[in-house]
Each structure stands twice: as structure tokens, then as C-alpha cells.
Amino acid sequence: MIHHTCFKCKRRFELDPVYVGFELSKLKKKSPKHYQAVCPACRAVSKVSVNEMQPELDEVADEIEQMVADFQKQKAEDR
């Protein structure tokens, strides 16, 4: 899990690396530098550096690829 602290309310929360990797892969930008995390308490958006999260994202790369493949398959079926 990726631990992050909200800049506004200072609450600590966790980000799921599989979900973060999936959301980053859906972006049109090839190599994003930040992920916009939404605080569950105050709903403030804070930027989290992808470089800081990279080790966690690399550990779950297979799961992220599977999730992206499933998403693409579902998207193709809906058309």
C-alpha cells in the first residue's frame, strides 16, 4: 500500500497501487509525473509523485496489466 498524507487536513490514507497504476495507464499522457489523489476525509486533491510510488507499482505490474487488459476487453465488448 502507498501511504500518503493530505496536505489540507493532514490525515494519512493509503492508496492501492493496482488502482493507481490502472488509473495512470488510462491517462493519455505517456509518462505522467504525478497522480492526483483525493483525500477520503476532506476531498482535497493532492499530487503524489509517480517516482516515489514506482517501487510499489513495479511490484504489482502484472496485476495492473491484467486489469488494463480486462478494461480494454470490456470496452471493446460495449461497442
Side-chain angles (χ1 to χ4, degrees):
M1 290 305 221
I2 301 167
H3 300 284
H4 183 67
T5 303
C6 177
F7 75 94
K8 186 174 181 183
C9 69
K10 307 298 185 225
R11 179 176 181 208
R12 290 189 53 82
F13 58 95
E14 295 180 340
L15 299 170
D16 181 17
V18 176
Y19 180 75
V20 171
F22 173 68
E23 289 297 320
L24 289 173
S25 69
K26 287 186 354 184
L27 296 176
K28 293 182 180 174
K29 195 171 183 180
K30 289 287 181 187
S31 58
K33 300 207 183 291
H34 294 92
Y35 172 72
Q36 293 182 342
V38 179
C39 176
C42 68
R43 301 290 182 217
V45 176
S46 57
K47 295 194 305 188
V48 183
S49 173
V50 172
N51 288 338
E52 293 176 9
M53 297 185 294
Q54 199 61 51
E56 289 90 355
L57 294 174
D58 290 340
E59 289 178 9
V60 294
D62 295 336
E63 294 176 50
I64 293 170
E65 290 176 16
Q66 181 63 37
M67 194 172 189
V68 169
D70 291 343
F71 175 74
Q72 296 293 343
K73 183 180 176 185
Q74 183 66 34
K75 192 174 176 182
E77 289 176 359
D78 290 343
R79 290 184 184 175

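Keep in mind that what you see is a predicted model, and the values were worked out from it rather than measured.
Annotation: K75, atom NZ; neighbour count of heavy atoms from other residues, nucleotides and ligands within 6.0 Å does not exceed 12. Counting non-hydrogen atoms of other residues, nucleotides and ligands closer than 6.0 Å to CZ of F7 gives a total above 12. For E14, the CD atom counts as densely surrounded, since its 6.0 Å shell holds more than 12 non-hydrogen atoms of other residues, nucleotides or ligands.
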Q | Test log, rule side chain to side chain donor-acceptor pair (under 3.5 Å), inputs D70 and Q74 | A | CA-CA 6 Å; D70 291 343; Q74 183 66 34; over 6 Å; no

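Partner of V68 under the side chain to side chain contact (heavy atoms under 4.5 Å, CB included) criterion, chosen from Q72, Q66, E65: Q72.
Cluster membership for F71 and L24, using ILVMFWY side-chain heavy atoms within less than 4.5 angstrom, is shared. There is no path of hydrophobic side-chain contacts, each under 4.5 Å, that joins M53 to V45. In the hydrophobic clustering of this structure, V48 groups with L27; members are Ile, Leu, Val, Met, Phe, Trp, Tyr whose side-chain heavy atoms approach within less than 4.5 Å, directly or through other members.
Under the 4.5 Å side-chain criterion, counting only non-hydrogen atoms from C-beta, V50 is not in contact with K33.
Note: H34 NE2 to N51 CG = 8.5 Å, rounded to the nearest 0.5 Å. For the atom pair M67 CE and Y19 OH, the distance stands at 8.0 Å (nearest 0.5 Å). For the atom pair NE2 of H4 and SG of C39, the computed distance is 8.0 Å after rounding to the nearest 0.5 Å. In this structure, D16 CG and E56 CD are separated by 11.5 Å, a value rounded to the nearest 0.5 Å. The CD1 atom of I64 sits 10.5 Å away from the CD atom of E59 when rounded to the nearest 0.5 Å.
What you find for L57 and P17 is that their closest heavy atoms are CD2-O, 3.3 Å.
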